[in-house]
Number of protein chains: 2
Amino acid sequence: MPVTINDIAKAANVSPSTVSRTIANNPRISEKTRERIFKLMKEMNYHPNMIARSLANKSTKIIGVIVTGSAEKAFQHPFFPEILSGIASGAYKSGYKILISSVNSAQEEKKAVSEYAMSGITSGIVLLASRVRNTSADELRQMDFPFVVVGRPENECDVNWVDNDNVRVGHDLTRHFLENGRREVAFLGASPEFTVTSDRLEGYKKALTENDIPVRDELIVNGKFVDDTGYGLMKELLDRGIRPDGVIACDDLLAFGAIRCLQEKGFRVPEDIAVAGVNNVPLDEYFDPPLTSVDVNAFSLGAKAFDLLITNMTSEHRSIDRAIVPARLIVRKSTV
Amino acid sequence: MPVTINDIAKAANVSPSTVSRTIANNPRISEKTRERIFKLMKEMNYHPNMIARSLANKSTKIIGVIVTGSAEKAFQHPFFPEILSGIASGAYKSGYKILISSVNSAQEEKKAVSEYAMSGITSGIVLLASRVRNTSADELRQMDFPFVVVGRPENECDVNWVDNDNVRVGHDLTRHFLENGRREVAFLGASPEFTVTSDRLEGYKKALTENDIPVRDELIVNGKFVDDTGYGLMKELLDRGIRPDGVIACDDLLAFGAIRCLQEKGFRVPEDIAVAGVNNVPLDEYFDPPLTSVDVNAFSLGAKAFDLLITNMTSEHRSIDRAIVPARLIVRKSTV
DNA sequence: ATAATGTGAGCAAACGGTTGCGCAGTTTAA
DNA sequence: TTAAACTGCGCAACCGTTTGCTCACATTAT
């Protein structure tokens, strides 16, 4: 139904090739013809068919973004949308569209990846919330398909990735607690399946060790990135008779849950127990008490990821790049 | 590079047509041939090229989602991601992928719409955060392209839409204030360009009138959907010497800002002034005081939108459907 | 005047599928 | 026994663009 390049060609009394070349700004088309054709395109409301173009070009202007986490939950964590808009911002400037898909198992992820990569529908992929051992990444690398993962994967040297220096995030947070006189700092992690958790834990341990404070395993617990378990994890810790003077949560939502639990039990935050989170969600400052957190700069994470992807897509030889996005400790009342 | 239908055909000693029909489960292919071909497809790791398929079919398995609001900000409001995941959830089940794009002006929206619709890249569109007068919608309807808008547009009878009953949302909220003895209830709206605001305002007025309370224009102010202006709007109201005993904000983020302002000025919430918002963002319950809000069921909004879209796409004749998603008042301490 | 070069545009194949039509070979009905 | 119907598959056109090659004509160099 819509007008095609052939319709324009007929109307202009030229061949389809000429119209195509006109659109592509090919210098071998005379100025007269060019103008005549452009005029007709406006008049007839011509819009190029992206599908046909992609088929001929064997490439599209679409990148795929794959979010790990159930379709119902994944987007709702403030962290993802922010990354997403970082990606979208870059994509918009370069004329790329983004195709998103959220999966909730490694298997679904693999399926989505092969659909995106092998069906020719995207010409690059961003993997969000990478698992420690990412089989999709292996597959993509093997088929030489451009992609970048957000979050350092275990096999980091073989893939493009962008991430914060999460060891440092853990380290900085811990040091902040120590500098404020805390000595028994608990660590509430998310699922250890994800690299962020283990990296931050590493930083936590490092900071303790540097300050000659023994790492006590009973102060370290793991959960998932949902708020309720922040409450649950904290409760478990308290029920076991453990009384830290500080709590580092791997996510603000975990911290919120933890604080609620502490307050219910009659502890004062930060007087009795200091609590900090990570991700600096917008409502940290409205919380009571305002929550100390780490701004991981999710937007930049997304933007950088897109940059890397484009570089990888357009460069002749697949190179291995990576970017470390700086994170920033934001001290609020929950820890001082 | 990747293996095509022709490669399979050669390997199986049949014609490409036969392979194609095998994939399409055409009954005129014998069981033997079918099995042989499927086996080869697995072995050779064949994946259909979606682009080619789309070109031949003149249709894709992709729907476009257009978000109004800047690429940097739009996704960050908790409301959008939730709608998005509602859409994604439906899409996933039906094998559709979603292409998202965020725009920050009516003009960009129009551009995105025509790109999506005319380039053949999507076969349906969801418009989020519809303006009162939506020119994109007019254009889409005119070209008979399947789409649905989330949020009732002004020209509602001509388009498919899904929304809450926002008049009722405003009405319920206001009645809640009145039932708690409030008599001077201010209304903090978002930009009147969007239908939600005017609808809720209508409900607000209706409830007042029903209770024989005069509508006072000086109690009604408009802003945008960003938290800072919640503070700003409230401050403006107070600076003008207005002292309401209740504040209805059209969005939780507005309410947060308003409350912060009130507290700074020494007012107690809810004792002096009750405040409620809309959207029931996850952190309402952590706020101090926990915020009364309305759960607009954004996920269902998205899911319903997808349903309507699919119906519209697959049905022979374009019909005009719409869906009202129930909203639910959630009373918390900020108003009682 | 002739050859070499440049200019502007068309032909046709290709991208990877889908599908209407036709055609053998086999089965069923008359 | 012959016609009709069915079965299983191939041929070729088509979807809308892109692009290598060719070609006619005009320009410049020899």
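Chain letters run A, B, ... following the sequence lines, proteins first and then strands; every chain starts at 1.
- Atom pair Ile51(A):CD1 and dT18(C):P shows a separation of 14 Å (rounding to whole Å applied).
- Glu43(B) and Lys39(B) are joined by a salt bridge, as a carboxylate oxygen and a charged side-chain nitrogen come within less than 4.0 angstrom of each other.
- Asn13(B) comes within 4.0 angstrom of sugar-phosphate atoms only, judged by non-hydrogen atoms across all strands, and of no base.
- Between Ser15(B) and Ala24(A), the residue anchored nearer the 5' end of DNA chain D, judged by the nucleotide with its closest heavy atom, is Ser15(B).
- For the pair Thr33(A) and dA9(C), the criterion of a side-chain N or O lying under 4.0 Å from OP1 or OP2 is met.
- Following rounding to the nearest Å, Met118(A) (CE) and dG17(C) (C1') show an atom-to-atom distance of 16 Å.
- Under the 3.5 Å distance criterion, the side-chain polar atoms of Ser119(A) are left unmatched by any main-chain donor or acceptor of Asn49(B).
- Closest contact between the side chain of Asn57(A) and the listed nucleotides dT19(D), dG10(C), dG16(C) involves dT19(D).
- Atom pair Ile5(B):CD1 and dT19(C):P shows a separation of 11 Å (rounding to whole Å applied).
- In this structure, the CE atom of Met41(A) is 17 Å from the P atom of dG16(D), given to the nearest Å.
- The side chain of Thr18(B) approaches dC9(D) more closely than any other nucleotide in the set dG17(C), dC9(D), dT17(D).
- Within the structure, a side-chain polar atom (N or O) of Lys58(B) is placed less than 4.0 Å from OP1 or OP2 of dG16(D).
- OP1 and OP2 of dT19(C) both lie 4.0 Å or more from every side-chain N or O belonging to Arg21(B).
- When rounded to the nearest whole Å, the span between CE of Met44(A) and P of dG16(D) equals 13 Å.
- By the 4.0 Å N-to-carboxylate-O rule, Lys111(A) lies too far from Glu108(A) to be salt-bridged with it.
- Looking at Ser54(B), its side chain has no donor and acceptor atom pair within 3.5 Å of the base of dC15(D).
- Using a 4.0 Å heavy-atom cutoff across all strands shown, Val19(A) reaches no nucleic acid atom at all.
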### Task
Would you check, one step at a time, whether the test side chain to side chain contact (heavy atoms under 4.5 Å, CB included) holds for Thr33(A) with Val14(A)?
CA-CA 9 Å; Thr33(A) 323; Val14(A) 295; 4.2 Å; yes

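- Backbone-only engagement by Ile29(B) is indicated by non-hydrogen atom pairs under 4.0 Å involving sugar-phosphate atoms exclusively.
- Looking at heavy-atom distances under 4.0 Å, Arg28(A) makes contact with a base.
- Sparse packing is recorded around NZ of Lys304(A), with 12 or fewer heavy atoms of other residues, nucleotides or ligands lying under 6.0 Å away.
- Between Ser30(A) and dG8(C) there is no side-chain polar atom (N or O) within less than 4.0 angstrom of OP1 or OP2.
- Residue Ser114(B) holds its OG atom at 11.0 Å from CD of Glu109(B), rounded to the nearest 0.5 Å.
- Contact check, Thr4(A) against dG16(D): no side-chain N or O comes under 4.0 Å of OP1 or OP2.
- Arg53(A) has its CZ atom 18 Å from the P atom of dC15(D), to the nearest Å.
- Between Asn49(A) atom CG and dC14(D) atom P the separation is 17 Å, expressed in whole Å.
- Rounded to whole Å, atom C1' of dT18(C) lies 15 Å from atom CG of Asn25(B).
- Considering only side-chain atoms of Leu55(B), the nucleotide from dG8(C), dT18(D), dG16(C) that sits closest is dG16(C).
- Of the side-chain N and O atoms in Ser20(A), one or more sit less than 4.0 angstrom from OP1 or OP2 of dT18(D).
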